[in-house]
Amino acid sequence: MRNQPVQAAAPLPGYVDVVLPRRLDRSFTYIVPTELRGQIVIGQSVIVPFGTQDLQGVVIALHHRPPSGAPEAGLKSLRSCGETSLDHVLTPAQVELSRWVAERYAAPWGQCIKLVLPPVEQPRRLQARYLPTAHGLADLSTHSGVGEDEMRLLARLRRRPKGIMERTLLQGDTSSSVTALRALVRKGLVVRSDAAVAPTGTRRGKKLVLTTGLSLPMEEAGEASPPLSAEAQSWLMVIDKQVAADGYSALLLEGERATRHWCLVQAAQATLRRGRRVLVVTGDVENAGRLAGVFAAVGEQAMLLHSGLSVKEREAAWQAARVASATIVIGTRMAVFAPIDRLGLVWVEGEDDTSLKEEQVPRYHARDVAQERARRDRAVLVLASNHPSLESWLAVRQGLMMACVYRNPTQGPKIQVIDLKAYGRDSSAGTVLTPPLCEGIRDALQQRLLVVLFLNRKGFASVLHCGDCGAMPQCDVCSVALTFFRHRSQVRCHFCGRAKPVPDHCPRCRSLKLEPVGSGTERIEEAVRRMFPLARVGRVDGETIRRPADARAVRRLLDAGELDIVIGTQMLFRLALQAKAAFVAVPDADAGLHIPDFRSAERMYHGLVDAADLALPATAGGRLLVQTRLPDHHAILALASGKEELFVAQEQAFRQLLQYPPWTSLIRLDVSGTAEPSVARAAHRWVALLRGQVFSAQGAPISGGHGVPQPAGFAGVAGESRQPLILGPSPAPHAMVRGRYCYQILVKADSSEGGRAAVLRTREELERESRQGALRFEIDVDPVSMT
DNA sequence: AGCACGCCGACT
DNA sequence: GTCGGCGTGCTC
């Protein structure tokens, strides 16, 4: 406003906005002390006073005068810059990427900035105790010149030779006690001891697994083998061209693991030849190690970066990436944020792996962040998988990505589908142990060959299905399995919350044999052991495999031929058992379909494809037996015919019809708290606010009140921007999670931007008006699991 | 998120 | 009395 000569002469910004690594949406404004003016840049790491503590934050904006949001008085000053070395400056690209994550996933920027900051050791909190010294314990009469307050404190401490915590000691009246206590310490009557206490409270529960990150046993190294020669040629041409193009491009690579490994090595080497660097992201720690082994086998050094490493090791990896001494970085989802410049290739290995999605705030999906990074860095993005996600197939179809499918049709086992409806009708374990299944096991055992049984344990939700035809009661609107509540004798859709009495007959065949699903399958292991008492049976699931070492132990047993039958869940596929079993069986393929999740068919199909890969090629006698009550299901048909496109096309049609991802964007809202009525009230209120938003923004009401039939799709004509649909609220399937009641709301929108804005605005309002802080409102953009 | 502060209740 | 466990409110 006014031109003050003094200011005109010194145009250095005197104020900065700082983002702090906390769950706070706002940034905070600080005064730059004169001696630091001119040294501060955007991305600069600074130490600032925040409440009672000093925190490291990141400068995101510079100002010449206090910005409008800042309080008039009471601005504090920056304490210092984190040293002047480059380590303490984030590049604009890193700051921007964290902001993108914050926006994309409706997460506080403060939480997201942590993703791009170098890992730091969690400072141990100290808990102060005070103990009486020998001198202090001596006869009271010998203490002269000790004040009244000091005497009182000392008397208390003398009764407690093990000492008293500071918090207890200074409870209530403070100032006088503090000085008295200080005096006692000064006089040597009392000592202070700082016992280190584990970092406070609710840190991530995972125990630190100490793995030697950099040296891998050779057995862990995955193999890399080229696809058929024509395809190998094609890959080399494609990847060379893309890398040379020096711009963003995206490829979808489908193939078996060894093929993908070979393609990865080729792509990485092509990238390195051009003087650019490589980032590989994968779902789990073991796989990261395996990929490092693949590179080691061809003489390329790769740097590992994952949560299994200690903070120190992670810090070192981060540093190595920054100074460009690491040309290949391999890691789990956190690695997408590694500071790698001159990035030429971003490879997502197992792009459909659900563990790429972070389940804590910020709930980012590493595949999507990888894509954004590649785009910003003008790098080549490769999404690789044995069974790509429908999201990626849609991108291919829309011309956003080029697909390379390298499959050797002679590699698969002989596939046999068994219709369970033809065998027994009771729900005992015996039902799924059909004669063909038992014969298959017996044959393999006789030839001393390996048997694998893949169980989809995830299917054991409380869901009804028909004992005769296998159909299950579904929500008319959402087409997901209805959850069965025995005590209320109700079924309820966990998507839209609609409830109705338990149907008395099957919706398809009118049979009266509706029963809870999976009741017999649980004991299959027992039944197998009983039937083949001499076989050596191993179990591979979440309970038996807790650490990578457990997986290695099972591997060793297998390699030594000490196991005849392996029974396991999804965990089987982490063992790298490809083409090892003569007989692979899926006793109850439909189990996974009963999860009330629109992706359950996709997961089932992926499981079947992976199971098939465990079997030897048909030419070597490999067999896969799939048992189902739904032999006409598109996942089964596609598997049996080897025509993946059959599955993809039908599943895409289904998703499009019902307006599910990837055709729409979904946002899951979670309301939780300790008192059920207020949680339910808040959840309903959120829905009302959202509907109000949509209403006022679009000028037309949307359908979908409780119990009112609503169209499955959107109102409006295709092409127009349609209104978001709001489903729910419905109590979360396991209504109580860690002592909290949870309700869920789903927002279905054309694009995630539209939904996000409304969700954020309404949450703000909700938080303002709900004075009870016990309530928590969480947002999950693009949720990957519906439970 | 983390921290202080205050209140409750379990265990000496 | 001691101390852990929450709920609440605040952070330039």
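For clarity, every value in this text was computed on a predicted model and none was experimentally measured.
Using a 4.0 Å heavy-atom distance criterion, A/Y30 is classed as a sugar-phosphate-only contact. In this structure, A/T52 reaches the sugar-phosphate backbone alone: every heavy-atom distance under 4.0 Å involves primed, P, OP1 or OP2 atoms, never a base. Backbone-only engagement by A/I164 is indicated by non-hydrogen atom pairs under 4.0 Å involving sugar-phosphate atoms exclusively. A/R160 comes within 4.0 angstrom of sugar-phosphate atoms only, judged by non-hydrogen atoms across all strands, and of no base. A/P66 comes within 4.0 angstrom of nothing in the nucleic acid, heavy atoms only.
Checking the phosphate oxygens (OP1, OP2) of C/dT11, no side-chain nitrogen or oxygen of A/R23 falls inside 4.0 Å. Contact annotation: A/R22 side-chain N/O to B/dA1 OP1/OP2 distance is not under 4.0 Å.
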Is there any protein nitrogen or oxygen under 3.5 Å from a nitrogen or oxygen in nucleotides 4-6 of chain C, and what are the pairs?
from  : atom 1 : to     : atom 2 : distance (Å)
C/dG4 : N7     : A/R167 : NH2    : 2.9
C/dG5 : O6     : A/R167 : NH1    : 3.4

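For A/R376, the CZ atom counts as densely surrounded, since its 6.0 Å shell holds more than 12 non-hydrogen atoms of other residues, nucleotides or ligands.
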Side-chain donor-acceptor pairs of residues 16-38 of chain A under 3.5 Å, sequence neighbours excluded:
from  : atom 1 : to    : atom 2 : distance (Å)
A/D17 : OD1    : A/T29 : OG1    : 2.9
A/D17 : OD2    : A/H63 : NE2    : 2.8
A/Y30 : OH     : A/P49 : O      : 2.8
A/R37 : NE     : A/V32 : O      : 3.0
A/R37 : NH2    : A/V32 : O      : 3.1

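Residues forming a ring-ring contact (aromatic ring centres under 6.0 Å, His included) with A/W109 (at least two apart in sequence, or on another chain): none. With sequence neighbours excluded, no residue forms a salt bridge (charged side-chain N to carboxylate O under 4.0 Å, His left out) with A/R756. Applying the ring-ring contact (aromatic ring centres under 6.0 Å, His included) criterion to A/F337, with sequence neighbours excluded, gives A/Y364.
Summarising the geometry, the separation between CG on A/L775 and P on C/dT8 is reported as 9 Å, rounded to the nearest angstrom.
The stretch residues 43-53 of chain A participates, sequence neighbours left out, in no salt bridge (charged side-chain N to carboxylate O under 4.0 Å, His left out) pair at all.
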